[in-house]
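Note sheet for the following structure.
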Amino acid sequence: LYVTFWTLNLADIYVPTERYAAEAAKLRLQIEQLDENKETQSSEKAKKRKEKERITSTLDRLLKDQDEQTKSVQQICKKIEADKDKFFRTTNNGTLMFVQTCILPRCVFSAPDALYCSKFVELLFKLNTPNLWIPVYSTIVCRHLPNFLFSC
């Protein structure tokens, strides 16, 4: 668990589909606006055609990137799911050790690391990881995280 947690990052376990959709919608709107404005001058037509090609290329790259990231996240999640039975061999103590050695140190590095911590724990709960106890995890985080953050 320790190695898995510390070697991954947010992009390995989370695809921001809403963000991808919003950016794709913006690019599609730009293409529509270019199509609506009909210019009669050939120089303007050439500029608009080049701009449309540029935007279309950007949209294609964006969608390809989303597809690649989605496939990568699915592969990593399958590996985590295959290993989940080995993560917590003890009950309460395993959860405590996970919070102390993984969650608390990493959540204060940066905002993306804090989001990674929450998404990683969310993934573990979705996968029904054995011996990861929600009450123990919640108690530890709610009781100690505010003090830990305040000390930073």
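This one's a predicted model, so the numbers in the text were calculated from it and none came from an experiment. Side chains included, hydrogens not; waters and symmetry mates left out as well; all remaining heavy atoms used.
A salt bridge links Glu122 to Lys126: at least one charged side-chain nitrogen sits closer than 4.0 Å to a carboxylate oxygen. Ion pairing between a basic and an acidic side chain is recognised when a charged N comes within 4.0 Å of a carboxylate O; Arg61 and Asp65 show no such pairing. Taking 4.0 Å as the cut-off between side-chain N and carboxylate O, Lys64 and Asp60 do not count as a salt-bridged pair. A salt bridge does not link Lys48 to Glu51: none of the charged side-chain nitrogens sits closer than 4.0 Å to a carboxylate oxygen.
The minimum heavy-atom distance between Lys84 and Thr129, with the atom names listed, is O-CG2, 3.6 Å. Nearest approach of Thr95 to Asn131, heavy atoms of both residues: OG1-O, 3.3 Å. Taking all atoms of both residues into account, the shortest heavy-atom contact from Arg28 to Leu59 is CG-CD2, 3.9 Å. Across all non-hydrogen atoms, the minimal contact from Cys107 to Leu104 is SG-O, 3.5 Å.
Residues forming a side chain to side chain contact (heavy atoms under 4.5 Å, CB included) with Gln74 (at least two apart in sequence, or on another chain): Thr70. For Glu23, the side chain to side chain contact (heavy atoms under 4.5 Å, CB included) partners are Arg19, Lys26, Leu62, not counting sequence neighbours.
Remark: Arg54 CZ to Ile31 CD1 distance equals 10.0 Å, nearest 0.5 Å. Here the CG atom belonging to Asp83 is positioned 10.0 Å from the CG atom belonging to Leu1, to the nearest 0.5 angstrom. Rounded to the nearest 0.5 Å, atoms NZ (Lys50) and CG (Leu34) are 14.5 Å apart. Leu10 CG to Cys117 SG: the interatomic distance, rounded to the nearest 0.5 Å, is 10.0 Å.
Linking ILVMFWY side-chain heavy atoms closer than 4.5 Å, directly or via other members, places Val15 and Ile80 in two distinct hydrophobic clusters. Grouping the Ile, Leu, Val, Met, Phe, Trp and Tyr side chains by contacts below 4.5 angstrom, directly or via other members, places Phe87 with Tyr2. Leu115 and Val73 fall into different hydrophobic clusters, where Ile, Leu, Val, Met, Phe, Trp and Tyr are joined by side-chain heavy atoms under 4.5 Å apart, directly or via other members.
Contact of the Asp67 side chain with the Leu63 side chain is not registered, since no non-hydrogen atoms from C-beta on lie closer than 4.5 Å. Side chains of Lys79 and Ile76 form no contact here, defined as non-hydrogen atoms less than 4.5 Å apart. A 4.5 Å side-chain heavy-atom check between Pro130 and Phe88 finds every atom pair outside the cut-off.
Residue pairs meeting the side chain to side chain donor-acceptor pair (under 3.5 Å) criterion with at least one member in residues 3-15: none, sequence neighbours excluded.
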Determine, stepwise, if the pair Thr17 / Gln66 fulfils side chain to side chain contact (heavy atoms under 4.5 Å, CB included). CA-CA 8 Å; Thr17 52; Gln66 180 183 14; 3.9 Å; yes
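The aromatic rings of Tyr116 and Phe5 lie tilted to each other, with the angle between the two planes from 30° to 60°.
Of the possible polar contacts, none joining the Glu81 side chain to the Leu127 backbone as a donor-acceptor pair under 3.5 Å is found. Panel note: side chain Ser57, backbone Glu53; no donor-acceptor pair is recorded below 3.5 Å.
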